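Here the structure comes first, spelled out in structure tokens, and everything after it is commentary.
In what follows, every chain begins at residue 1, and chains take the letters A, B, ... in the order their sequences are listed. Just so we're clear, the structure is a prediction, and the values are computed from it rather than from any experiment. Hydrogens, waters and symmetry mates are skipped; everything else that's a heavy atom, side chains included, is used.
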Protein chains: 2
Amino acid sequence: MDFIKELGYLAIASRMKRLTDRFMRGGSQAYKALGIDFEPRWFTVFYLIYTQDAPLSISEISSSLKISHPAVIQTTQILTKKGLIKSFQDSQDRRIRRLAITGKGKELVNFLIPVWNDFETATSELFEKAGVDMLDIIKSIELFLDEEDVGSRIINRIKQRQYNAVEILDYTPEYKEYFQKLNYEWLEKYFQVEKLDKKILLNPEEQIIQQGGFVLFARMGEKVVGTTAVLKRDEKTYEIAKMAVTEKAQGMQVGRKLTKEAIARAEEKGAKKLILKTDNRLRAAVNLYRTFGFKVTQTKPTIGGKYERERFGIQMKLDLI
Amino acid sequence: MDFIKELGYLAIASRMKRLTDRFMRGGSQAYKALGIDFEPRWFTVFYLIYTQDAPLSISEISSSLKISHPAVIQTTQILTKKGLIKSFQDSQDRRIRRLAITGKGKELVNFLIPVWNDFETATSELFEKAGVDMLDIIKSIELFLDEEDVGSRIINRIKQRQYNAVEILDYTPEYKEYFQKLNYEWLEKYFQVEKLDKKILLNPEEQIIQQGGFVLFARMGEKVVGTTAVLKRDEKTYEIAKMAVTEKAQGMQVGRKLTKEAIARAEEKGAKKLILKTDNRLRAAVNLYRTFGFKVTQTKPTIGGKYERERFGIQMKLDLI
DNA sequence: AAGAATTGTGTAAGTACTTACGTAATTATA
DNA sequence: TATAATTACGTAAGTACTTACACAATTCTT
């Protein structure tokens, strides 16, 4: 029974690892059977040093093989101990230690060349029998991964799913309490709830909607996890304010979807300019707004601003069309 | 610059390893980005325990995943410390420790299921874009490796090459010295050179060839590395004797090719039966003869045998049709 | 020309496996 | 029913990487 096989692409990395280990062990067995004191993992470093005319430095080997430099150091230490390579200081740059093959090393290479040939033939024959051009496959996969690595591929997919799971709702009186609660949650964490906050948060209909603005809510599943308000400043200018996302839902694209919807609705209402006030220390928020095209317009302390916290804040602006 | 790429199938294992590492690291990054305390390497063990209804033992997990049991123990120790699984002693067999998922573990699974889904979609999409059915490829390669593993594929190829490199030569007077030297080499190592040995080794023409037998030599490159004699016992019976391969060439199929040629030539001369005397302690030799169909016919000490060493020896026989 | 930044190497610690070996419990065997 | 063999688990040591950090030499910047 082989559980990993059953999991398909879910455990593809584990399965590839298992296969790779099998290849590595096979190589090791072959050397052992021949009575040669050599390991497959030394091959790339040793062969690189052998083929290059000019002695290489540690970091040159590291970048050529795309492995870490401590890995190179470890391997070269072993090869040096075996007497297969030697090292000397570079004459120009005293930081650099250059590595070259020894006479004993060359002797071993001559002995190993036909063996390596057999390695190559045996593996290429195996892949040929399996009807697989493995070199081409790896090349093509590596190319795709150079474009975007596995991690970010997965992360983007997760974000997309989370984004789709967020539903944006219009203001209704029964959600009023969430507008207050969600904003209190973060205000209390980072700043204090000031007098003007309370006034707006307690009376959104009167303070925002009746003034020509609007309020949005974000729902994930059954839970209201975020909110934002858009205030009307004048016919062409609106302000995004009172954006709040509950802690548990942060990083789940709630703010992104709220912002996107807020911009779209403001545009519908005839806005030509959107502004917002935030705090330079709230990096996630500032970066989010930036991805929508908001630019910082004011970083100096607003002396006599309406809110105490504005003394540390910045203003951002987005021109529509 | 990517040296490993240039090496083709010679460094395919290193290249596969690099690719696998990339996948593993990608998974790790994704969990980290989500703020989840979970690692890709835990997945197979954790998921197996989760999916199975009955709690599993260490060795059941080990064989299901085809990894060593200490690897399972290590992973389960971590998962236990994280509170995701728990263990209890089996009621029937007190050696067995059974592993089951905890409430906390189930909670995490529920959270992770959509994430794992994203893992799967992201990787399968990647392979699809690359035009590769990776699951099928790995399946097919694993199938071939189950038949014959990488190590033995390589070793067989090396042996074949070595076998082809051995050239069998007929007796000529100028090689006479090798017949003596090669036999002295091993006789002195394992036994003593006895009186009868000397007589035959010094006069092969008279003692072997003129009696209806023959002598063969094996050459690798410029060097004579092995020899054997075939003595005529009667019209239908020949004896393989004085087989010697120099130490440096041992394991290189010299004995095999000499034996094969000896059998073929004896057959040409009309032999119906081949016998030989060897020592049970020379395992490599006995096994070699066995692969040609020789059977042990006599294991008891030959009291009063011609050679002192025969007291520890065995006799083998091969019937030729 | 002084200070900052970068580069090359080395060391330490951590991770995720492996093989080898030890011990206790169970099962098979004579 | 002793004894041997097998099984299940655990521990130790080794391997082959990694990341993080330290330090010296060199190069860049002002």
Side-chain angles (χ1 to χ4, degrees), chain A residues 4 13-29 31-32 37-46 55-81 87-99, chain B residues 4 13-29 31-32 37-46 55-81 87-99:
Chain A
I4 289 183
S14 298
R15 209 160 159 201
M16 281 165 65
K17 183 163 195 307
R18 224 170 51 176
L19 190 62
T20 307
D21 284 349
R22 240 167 136 170
F23 269 85
M24 284 288 188
R25 227 168 305 145
S28 186
Q29 275 167 21
Y31 286 123
K32 207 166 281 167
D37 186 19
F38 199 80
E39 289 292 330
R41 61 185 183 98
W42 305 340
F43 172 73
T44 49
V45 172
F46 184 54
L56 295 164
S57 71
I58 301 283
S59 39
E60 280 166 350
I61 296 171
S62 163
S63 72
S64 289
L65 301 179
K66 297 193 178 165
I67 52 173
S68 67
H69 81 271
V72 176
I73 290 174
Q74 271 180 38
T75 309
T76 54
Q77 274 170 352
I78 294 167
L79 292 172
T80 306
K81 210 188 283 171
S87 68
F88 55 89
Q89 212 175 37
D90 187 273
S91 51
Q92 255 101 67
D93 189 335
R94 278 177 304 155
R95 292 169 303 176
I96 295 172
R97 189 159 66 84
R98 301 221 161 262
L99 298 156
Chain B
I4 289 184
S14 298
R15 208 158 161 203
M16 280 166 64
K17 184 163 195 307
R18 226 170 50 175
L19 190 62
T20 307
D21 284 349
R22 239 168 138 170
F23 269 87
M24 283 288 187
R25 227 170 303 147
S28 187
Q29 275 168 21
Y31 286 123
K32 206 166 280 168
D37 184 20
F38 199 81
E39 289 292 331
R41 59 184 183 99
W42 305 340
F43 171 74
T44 49
V45 171
F46 185 54
L56 295 164
S57 70
I58 302 284
S59 37
E60 279 166 352
I61 296 172
S62 162
S63 71
S64 291
L65 301 179
K66 298 194 176 163
I67 51 173
S68 68
H69 81 270
V72 175
I73 290 173
Q74 273 179 37
T75 310
T76 55
Q77 274 170 353
I78 295 167
L79 292 172
T80 306
K81 210 189 280 171
S87 68
F88 54 90
Q89 209 175 39
D90 187 273
S91 52
Q92 255 102 65
D93 188 334
R94 280 177 302 157
R95 290 169 306 177
I96 295 171
R97 188 159 66 86
R98 302 221 160 263
L99 297 157

Taking atom C1' of dC17(D) as reference, at what distance in whole Å does atom CG of L19(B) sit? 16 Å
Nearest-nucleotide comparison on DNA chain D, the residue closer to the 5′ end among H69(A) and D93(A): H69(A)
Has the side chain of R95(B) got a donor or acceptor that lies under 3.5 Å from a partner of the other kind on the base of dT26(C)? no
Classify the nucleic acid contact of I73(A) as base, sugar-phosphate or nothing, counting any heavy atom under 4.0 Å across all strands shown. base
To the nearest angstrom, the CZ-C1' distance between R97(A) and dT7(C) comes to 16 Å
Euclidean distance, atom CD of residue Q77(B) to atom P of dG14(C) [Å, nearest integer]: 17 Å
When rounded to the nearest 0.5 angstrom, what distance separates CE in M16(A) from CZ in R22(B)? 10.5 Å
Distance in angstrom units between I61(A) CD1 and dC17(D) P, rounded: 14 Å
Taken to the nearest 0.5 Å, the spacing of R97(A) CZ from S59(A) OG works out to 11.0 Å
May I ask you to say what Q92(A) touches in the nucleic acid, namely base, sugar-phosphate or nothing, with a heavy-atom cut-off under 4.0 Å? sugar-phosphate
Please confirm whether the shortest side-chain N or O distance from S57(A) to OP1 or OP2 of dT9(C) is below 4.0 Å. yes
Among dC17(D), dG10(D), dA20(D), the one nearest any side-chain atom of I58(B) is dG10(D)
Hey, does the side chain of R94(A) come within less than 4.0 Å of dT26(D)'s phosphate (OP1/OP2), counting only N and O? yes
Can you measure K17(B) atom NZ to dT15(C) atom C1' for me and round it to whole angstrom units? 12 Å
If I take atom CD in residue Q74(A) and atom C1' in nucleotide dT9(C), what distance separates them, rounded to the nearest angstrom? 14 Å
Does dC17(D) have its OP1 or OP2 closer than 4.0 Å to a side-chain nitrogen or oxygen of S68(A)? no
Applying a 4.0 Å non-hydrogen cut-off, can you work out what S59(A) is touching in the nucleic acid: base, sugar-phosphate, or nothing? sugar-phosphate
Between D90(B) and R94(B), is the closest basic N to carboxylate O distance under 4.0 Å? no
Less than 4.0 Å between a side-chain N and a carboxylate O, is that true for E39(B) and K32(B)? no
Between atom CD in Q89(B) and atom P in dA8(D), what is the gap in whole Å? 15 Å
Between CZ of F23(A) and P of dC17(C) the distance, given in whole Å, is 20 Å
For residues F46(B) and F38(B), establish whether the separation of their ring centroids is below 6.0 Å. yes
